[in-house]
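Structure first, then comments.
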Amino acid sequence: MLSTLIAPVVSGLFNVIDKSVADKDEAARIKARLQEMVLTGQMKEIEAAAKVIVAEAQGDSWLQRNWRPLLMCLFGVIVANNFIVHPWFGVPMLPLPPDMWDLLKIGVGGYVVGRSVEKGVRVWQGKP
């Protein structure tokens with residue numbers, strides 16, 4: 001989410017740099033440093049999200065460890081009901097608020113990012 005807000009700002013800054021810095025090599029260095037700052041900030045955001053997920057997964061309570069997977073399974077049941085069961089068997093459809101789709105995208109995205117970071121750290125540490 002943060003990257004969608006940052007991208008237009010960075011693009012605008014790149015345009016300003018191109019127009020105001022006469023030396024193209026210096027402009028390229030400034031843009032590279034700015035890009036590095038953006039990427040570092042995004043990596044910190046991803047690392048923070050992964051730490052939250054790991055802390056929940058290692059929590060004392062069964063519910064604390066499993067609420068995200070249970071919620072994603074519930075969303076899967078609702079989607080399967082509306083797009084598989086309903087057309088075939090005429091079971092009533094469950095209303096899907098737009099916010100549920102947003103939450104589903106965030107949940108799946110968080111899982112994918114969390115797993116990617118976990119695997120990346122394992123590879124970085126030299127573990128299979």
Side-chain angles (χ1 to χ4, degrees):
M1 183 171 94
L2 187 60
S3 61
T4 58
L5 299 173
I6 291 175
V9 173
V10 171
S11 177
L13 285 173
F14 280 6
N15 289 337
V16 169
I17 291 167
D18 287 335
K19 291 177 184 175
S20 61
V21 178
D23 183 7
K24 297 303 175 191
D25 290 335
E26 182 63 22
R29 279 192 293 274
I30 293 170
K31 289 194 282 186
R33 177 65 180 130
L34 182 61
Q35 186 70 21
E36 179 184 323
M37 292 168 59
V38 168
L39 291 175
T40 302
Q42 288 176 345
M43 288 305 296
K44 288 180 183 176
E45 181 182 334
I46 291 169
E47 289 170 4
K51 286 179 184 178
V52 168
I53 293 170
V54 168
E56 285 179 354
Q58 295 173 344
D60 295 331
S61 166
W62 180 88
L63 187 58
Q64 178 186 6
R65 291 188 310 268
N66 294 299
W67 76 271
R68 286 178 194 262
L70 289 172
L71 187 62
M72 291 298 113
C73 287
L74 175 64
F75 287 164
V77 167
I78 292 171
V79 170
N81 176 71
N82 288 357
F83 297 103
I84 298 172
V85 176
H86 171 72
W88 289 350
F89 302 108
V91 174
M93 287 183 71
L94 300 170
L96 297 173
D99 292 343
M100 189 196 97
W101 284 113
D102 293 339
L103 189 57
L104 181 62
K105 289 188 282 187
I106 291 169
V108 171
Y111 177 77
V112 169
V113 168
R115 291 292 293 156
S116 298
V117 169
E118 180 183 348
K119 288 179 180 182
V121 167
R122 236 186 285 142
V123 168
W124 178 68
Q125 291 175 341
K127 297 177 182 176

Taking Asn82 for its side chain and Pro95 for its backbone only, find out whether a donor-acceptor pair lies under 3.5 Å.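 Absent.
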ILVMFWY cluster membership beyond Met93 - transitive side-chain contacts under 4.5 angstrom: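 Direct or chained contacts put Met93 with none.
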Hey, what do you get for CG (Leu94) to CG (Asn81), rounding to the nearest 0.5 Å?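 Those atoms lie 4.5 Å apart.
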Looking at CE of Met72 and CG of Leu70, how far apart are the two atoms once the value is rounded to the nearest 0.5 Å?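 If I round to the nearest 0.5 Å, the distance is 10.5 Å.
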For residues 12-25, pull every pair meeting salt bridge (Lys or Arg N to Asp or Glu O under 4.0 Å), keeping only residues two or more places apart or in separate chains.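 Non-adjacent pairs meeting salt bridge (Lys or Arg N to Asp or Glu O under 4.0 Å): Asp18-Lys31.
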What about [X] and [Y], same hydrophobic cluster or not, with Ile/Leu/Val/Met/Phe/Trp/Tyr joined at side-chain heavy-atom distances under 4.5 Å?
| X | Y | value |
| --- | --- | --- |
| Leu71 | Ile78 | yes |
| Phe75 | Trp67 | yes |
| Trp88 | Val77 | no |
| Met100 | Leu74 | yes |

Which pair of heavy atoms, one from Val21 and one from Ala27, lies closest together, and at what distance?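 Shortest heavy-atom separation between Val21 and Ala27 comes out as CG1-N, 3.8 Å.
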